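Heads up, the thing below is written out as structure tokens.
If you read the sequence from its start, that first residue is 1, and numbering goes on from there. From a predicted model like this one, the values you see are computed outputs, not experimental measurements.
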Amino acid sequence: MAGKWLDIALTQLGKSYHSSGAFVAFVMNTSKIGTNAKNSQWSPTLNDLVQEVPGFKKMENARPGDLLFWGKLGYPYSVGIYIGGGHFISVTEKDAVVKVQVLNDNWYPEFAGSVF
């Protein structure tokens, strides 16, 4: 599944989305996993599919294809898709465009989730 997610996400580079949640919802919906992009809370379907990465600290257990979340578990305000090497794909806050971004101490996710 992760390879398919990354392939779909990469096709969206440079496109505009109103939020990172809408971008990830698009990727998941294209992958046949449903979400409720209109609601800031995860849909029950997504809650059932995402399992928090155990021992998540500074990406030591994250794998390419894992989702990175900024905000509280169940109520994230931003989400991205980890691609490895300290990089992730998400919508930039400044210009609302899908880009490959670099993790840094000023913009670090609170938790990561694997979709199983």
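Shown here are the salt bridge (charged side-chain N to carboxylate O under 4.0 Å, His left out) partners of Lys99, two or more places apart in sequence or in another chain: Asp95. Checked against side-chain hydrogen bond (donor to acceptor under 3.5 Å, both in side chains), Ser20 has the following partners two or more places apart in sequence or in another chain: Ser78.
Under the side-chain contact (heavy atoms from CB on, under 4.5 Å) rule, Ile83 has a single partner from Leu10, Ile89, Asp66, which is Ile89.
A distance-only check finds no donor-acceptor pair linking the side chain of Ser16 to the backbone of Val97 [under 3.5 Å].
In this structure the side chain of Pro64 reaches within 4.5 angstrom of the side chain of Leu6, judged on heavy atoms. Counting heavy atoms from C-beta on, the side chains of Gln12 and Tyr17 come closer than 4.5 Å. Within the 4.5 Å cutoff, no side-chain heavy atoms of Val79 are placed close to those of Trp70. With a 4.5 Å cut-off on side-chain heavy atoms, Leu103 and Phe88 count as touching. Between Leu68 and Ile81 there is no side-chain heavy-atom pair separated by less than 4.5 Å.
Nearest heavy atom pair, residue Phe23 against residue Ala9, reads CZ-CB, 3.9 Å.
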